[in-house]
Every structure is written in structure tokens, then in C-alpha cells.
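Report on the following structure.
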Amino acid sequence: MGSNVSEVVSPVDGRPFTEVPAATEADTDAAIEAAARAFESWRAVAPGDRARLLRRFAAAVDAHVDELAALEVRNAGHTVGNARWEAGNVRDVLDYYAGAPERLSGRQIPVAGGLDVTFHEPLGVVGVIVPWNFPMPIAGWGFAPALAAGNTVVLKPAELTPLTAIRLGELALEAGLPPGVFTVVPGKGSVVGQRFVTHPAVRKVCFTGSTAVGKSIMAGCADQVKRVTLELGGKSANIVFADADLERAAAGAPASVFDNAGQDCCARSRLLVQRSVYDRFLELLEPAVRGFRVTDPADEAAEMGPLISAGQRSSVASYVDGADVAFRGSAPDGDGFWYPPTVLLARGPDDRHWREEVFGPVLSVLPFDDEAQAVALANDTEYGLSGSIWTRDVGRALRVARGVDSGNLSVNSHSSVRYWTPFGGMKQSGFGRELGPDALHSFTDVKNVFIATE
Ligand code: NDP
């Protein structure tokens, strides 16, 4: 790899603590071309053998969960509890897709004069571009199904958070994946990521990150009719009806937006509360927000760590300056990129903090009067990724779930992700589905073969 390096800074104290190589364009081309060569043999590996290698990769991740978690605590400021979950999620996703090679079957379609069958053919080299907010899971959601379907993968971690990806690349080799099948290429988006878009041997780009970069990647991929999956921003609504279990909804609301310091595309950052219980709900919410534990992320009791960078902290602060603060929690003083959990009262649906993805620990609150208005306000956004509905009325829960234009909704819950169910956005939150069986098929092309018998 070329001589460029990037400094890696810990958001916990704001200090650089290591450096990693930053690939040049020539390095990136070499990695892509090695992946293209490896594809020719990987696609031909017997399904049972491919499954076994993925299970060994999963076992290697499992044996290193604590080590991977410690890297993420330092590099991304994730709480140690979350970071362990994230490493475990990579293991689980690999295990889940290890079941796929032997089940990825086509169909036999009745025709006259012969036999017609379909095959799910791998695409070739898949480029996975990962953001800094969830470096491990988002990487795994791309590379595990891609590898299971017979593709080879080049993976670009975010420049701010390359360490766990680099370690996962080493573990893949230790587990016996042939060289070139899964290659981590750390470096800049404008160099490495762009080359994934422009190099003709990359047949699909899986991108997670900002909507602006996602649009430019989609435009770039059009040139070669390259497949693309986009998982972009969100501004998800958390809708609380008057008949809901208010105590439960309020207890879970802080984590639904402040988890990962709010740097979560699924963050329920717009809280809509029915007017008749609005004051009561804020009374319940306040102690939960004030008590949210923001501290050294290596502390087992931590619920939130710092933001990723000084730049992200200034960006978050720019939404809070001049807004109506209802109440806020506390955050440590010190050199890290700390910011307290903050609840803002929206003056209306045109407030900037209500409309834009803040990507920080900021919750905006607005009252609504009835079901129709709740759905209209929830949909009054360019995004459509996630959201929650709190009510004891089953009919209403289903009506609202069908009415809100969002790829992932939960009723009386704040969960968004299960590795065996589909995940992805509507509108400008992107398209294509990760996880579950849908993701697997997005890494293949259907080929139809007719064999004449007459
Ligand atoms: P970006 O969209 O810039 O970065 C995401 C990934 O894309 C990184 O690996 C980045 O590389 C890479 N990249 C950047 N530019 C290009 C390019 N031209 N071609 C190919 N790859 C590229 O997100 P940011 O890190 O700048 O975050 C900015 C904002 O985006 C956040 O504040 C947040 O609002 C939103 N965001 C949303 C996410 C989500 O999950 N919805 C995730 C991350 C960010 P590099 O690290 O080298 O820049």
C-alpha cells in the first residue's frame, strides 16, 4: 500500500492515538483487481465449503468480541455495552448468511419443448462504503450477504473509524477466506470510495452515509449502470397517542434518540405527542433525560459517550443555539467531544431542528391533535427510514403503520434492527434492503436458462 497515512483520533479525549495506511488510487485499483481475480475461484467454491468458511469467520469474530469492542470504544466513543453488541451482530449476521449458499436456489418454470431453470448468479466485486456511526454492523450487513452469494468484497471504512474494519479483514484471513475474497481498503472517500464507483470491475456499491454523498454515488454509478444500495439519513417520528402506556414510552424515548450519541440513522429524533397528554408526557420524560448516563464509554454503566468529532459537535450545537430548550441532561467537561442530551420544543414543523437530520443527542418535540394530523406530520419530511407508534388500539397501530412512509416501523417498541428481517429506507432515506433474505437476492442477478429437449 502507498505511503499515505491517516491519524486516528479518540473522541473520548480528542487526541490522536494511532495511524493507519490511507490507500491511494493505485492501491485501490490493485485491491479491486485482486478481488476480481479472486471472484473467479470464489464463485466456484462448493456451497457447503463457502458456508463452512463463513461459519469459521463468524467463530473468529466471536472469539474477538471483547477486543473488537475495545477498539470501537476508543475509536468511535461507543459505550462498551453497545460495542459488544455491535461485534456480536457481525458474528450473528455471518452465521445467518452462512446458511445461504446451500439454499440459494433458483426455480424450474414449466415450458413446452424443454426445461427452463433460473440461477442466482453472483455479481462480481462488491464495494461496501461504511460511515463512522456504526462501523462494524454496517460493514457486516454489506459483506456477509455479498460473500454468501458468491461475490468478493472490497470494503472502505470511514476515515475516522477504520480500526475494527481492519481487524475484521485480518480475522477473515485467519479464518481461511482466500486472499482477495474480502479486502479492507482504508482511505478517503474521495479517493477509495470514488474508485469503487468508477472502476468497471466493481459491479455493485453498497453505501451508507449522508444523503448528499449517496446522491453523488448514485449519479456516478449510473455511468456504468452499476447496481447501488443506498442507506441514507433519517428523521424518524416517535408518535405517542393518549391511550399509550405513557410510562413505558417515556422510559424508552431517551435511548431511542440518544443511543450512540444520536448518531444513528434510525434515531427517533421527532417526538409527536397527542396534545391531551403532552404536558404529562414531558413530565415523565424529563427525569429519564436528566438521568441518562453520559460518561467515559469504557464504563460499564455508560449509556452515551462523546460525539465522533469536534466538527460534529459544532454542527449539533448550531441546531440548539437559539432554539427553545425544554430540558437537558449533563455531559462531562474535558477534552473529548461531549454534548449533553437535549430536548427542544419545536415552534412548528418548519423549525430547522425539526426538519433536518441533526445526527446528535437532540430530540425535538411537537404536539398533535388527532391520528390524521400525526400521520401527516410524520410524513412531512424528505426521509422515511424508521419510527415508532405508541398506542393500545391495535386498529390504530396498523392504520398508522400503513400510513407512515417509512421502511421500518415498530409498535410499542423502539427497536429497528433484527438481522433476519429486512432493513432500509423509503423516499430520500434510500432504497434497497439490507439484512434478511431480501439482502441476499440484491447481491445476485437472476439468470434464465432454457434447454431444448426436442
Ligand atoms: P459521508 O456520507 O460523507 O461519509 C460516509 C462514507 O462515505 C465514508 O466512508 C466516507 O469516506 C465516504 N465518502 C465520502 N465522500 C465520498 C465520495 N465522494 N465517494 C465515495 N465515498 C465517499 O458522511 P459524513 O461522515 O461526512 O457525515 C456527514 C453527515 O452525514 C452526518 O452529520 C450525518 O448527518 C450524515 N450521516 C448519516 C449516516 C446514516 O447512517 N444515515 C451515517 C453517516 C453520516 P470518508 O470517511 O473518508 O469521508
Side-chain angles (χ1 to χ4, degrees), residues 4 6-9 11 20-25 28 75-76 127-139 141-142 154-165 184-199 202 205-221 223 226 228-236 259-267 269 307-319 337 339 352-353 355-362 381-386 407-408 416-417 423-425 427-430 434:
N4 295 355
S6 305
E7 249 183 6
V8 182
V9 173
V20 297
T24 61
E25 192 171 312
T28 310
N75 188 180
V128 181
I129 302 176
V130 179
W132 44 260
N133 61 330
F134 286 108
M136 283 191 278
I138 292 172
W141 302 355
V154 284
L155 179 126
K156 192 205 100 61
E159 211 190 353
L160 294 174
T161 55
L163 299 186
T164 47
V184 177
V185 194
K188 287 189 185 307
S190 55
V191 178
V192 179
Q194 259 312 295
R195 203 57 193 129
F196 289 5
V197 172
T198 56
H199 196 298
V202 176
V205 174
C206 297
F207 172 80
T208 305
S210 62
T211 303
V213 173
K215 286 178 185 176
S216 80
I217 284 179
M218 186 173 168
C221 286
D223 203 39
K226 192 173 285 193
V228 60
T229 299
L230 299 177
E231 206 272 87
L232 309 175
K235 192 72 191 175
S236 298
D259 197 40
N260 208 30
Q263 303 164 128
D264 179 351
C265 45
C266 289
S269 53
L307 292 168
I308 190 70
S309 64
Q312 193 65 18
R313 184 171 56 185
S314 327
S315 161
V316 171
S318 78
Y319 287 93
F337 307 128
Y339 199 83
R352 185 170 158 251
H353 63 80
R355 299 210 74 78
E356 295 179 14
E357 184 179 46
V358 176
F359 227 58
V362 175
T381 169
E382 68 200 28
Y383 295 115
L385 186 56
S386 203
N408 293 80
S416 298
V417 171
F423 175 77
K427 304 194 307 194
Q428 291 198 32
S429 288
E434 299 184 286

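Atoms within a ligand are numbered from 1 in the order they appear, just like the ligands themselves. This structure is a prediction, so every number in the text was calculated from the model and none was measured. Below, all heavy atoms of this structure are taken into account, side chains as well, without hydrogens, waters or symmetry copies.
If you number the atoms of ligand 1 from 1 as listed, the ones under 4.0 Å from a heavy atom of G187 come out as 47 (O). Atoms of ligand 1 lying under 4.0 Å from at least one heavy atom of G209, given by number and element, are 2 (O), 36 (N), 37 (C), 38 (C), 39 (C), 41 (N), 42 (C), 43 (C). Below 4.0 Å from some heavy atom of Q312 lie the following atoms of ligand 1, by number and element: 32 (O). Remark: ligand 1 atoms within the under-4.0 Å shell around heavy atoms of P131 are 42 (C), 43 (C). Within the listing of ligand 1, atoms 47 (O) sit less than 4.0 angstrom from a heavy atom of K188. Every atom of ligand 1 with a heavy atom of V130 under 4.0 Å away is listed here by number and element: 6 (C), 8 (C), 9 (O). Within ligand 1, counting atoms from 1 as listed, the ones closer than 4.0 Å to a heavy atom of L232 are 39 (C), 41 (N). Interface atoms of ligand 1 facing E159, defined by a heavy-atom separation under 4.0 Å, are 45 (P), 46 (O), 47 (O).
With a heavy-atom cut-off of 4.0 Å, F207 touches ligand 1 through its side chain alone. The residue F134 has no part lying near ligand 1, judged by heavy-atom distances below 4.0 Å.
Of the protein's non-hydrogen atoms, the one nearest atom 12 (C) of ligand 1 is I129 CG2, 3.7 Å. With hydrogens left out, the protein atom closest to atom 11 (O) of ligand 1 is K156 NZ, 3.1 Å, a heavy atom. Among protein heavy atoms, the minimum distance from atom 34 (O) of ligand 1 is reached at E357 OE1, 3.2 Å. Of the protein's non-hydrogen atoms, W132 NE1, 4.7 Å is the one closest to atom 26 (O) of ligand 1. Given atom 47 (O) of ligand 1, the protein heavy atom at minimum distance is G189 N, 2.8 Å. Nearest protein heavy-atom neighbour of atom 16 (C) of ligand 1: V213 CG1, 3.5 Å. Scanning the protein for heavy atoms near atom 1 (P) of ligand 1, the closest one is S210 OG, 3.6 Å. Summary of contacts: the protein heavy atom closest to atom 31 (C) of ligand 1 is F359 CD2, 3.7 Å.
Between Q263 and ligand 1 there is no heavy-atom distance shorter than 4.0 Å. Residue contacts with ligand 1 leave out G220, since none of its heavy atoms falls under 4.0 Å from the ligand.
Just one residue in the list V154, V205, I138, L155 forms a side-chain contact (heavy atoms from CB on, under 4.5 Å) with I129, and that residue is V205. With respect to L160, the side-chain contact (heavy atoms from CB on, under 4.5 Å) criterion is satisfied by exactly one of V8, I308, N75: I308.
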**OP:** Show your working on side chain to side chain contact (heavy atoms under 4.5 Å, CB included) between S6 and K188 and close with a plain yes or no.
**Re:** CA-CA 9 Å; S6 305; K188 287 189 185 307; 5.7 Å; no
**OP:** Applying side chain to side chain contact (heavy atoms under 4.5 Å, CB included), run through K427 and E382 and close with a yes or a no.
**Re:** CA-CA 6 Å; K427 304 194 307 194; E382 68 200 28; over 6 Å; no
**OP:** May I have the step-by-step check of side-chain hydrogen bond (donor to acceptor under 3.5 Å, both in side chains) for E356 and Y319, ending in yes or no?
**Re:** CA-CA 9 Å; E356 295 179 14; Y319 287 93; 2.7 Å; yes
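With hydrogens and angles ignored, the 3.5 Å screen pairs no side-chain donor or acceptor of T229 with any backbone N or O of C206. The backbone N or O of F359 lies less than 3.5 Å from a partner atom in the side chain of Q312, making a donor-acceptor pair. S429 places no side-chain N or O within donor-acceptor distance of the main-chain N or O of L232, the cut-off being under 3.5 Å. Listed for the N408 side chain is a donor-acceptor partner under 3.5 Å among the backbone atoms of G424. The closest donor-acceptor contact from the side chain of K226 to the backbone of H199 lies under 3.5 Å.
In this structure, atom 9 (O) of ligand 1 is in close contact with the protein, since a protein heavy atom lies within 4.0 Å of it. Note that atom 4 (O) of ligand 1 has no protein non-hydrogen atoms nearby, at separations under 4.0 angstrom.
The minimum heavy-atom distance between G187 and V192, with the atom names listed, is CA-CG2, 3.8 Å. Nearest heavy-atom pair, W141 versus E434, reported as atom, atom and distance to 0.1 Å: CE3-OE1, 3.7 Å. Of all heavy-atom pairs spanning D259 and D264, the tightest one is O-CB, 4.4 Å.
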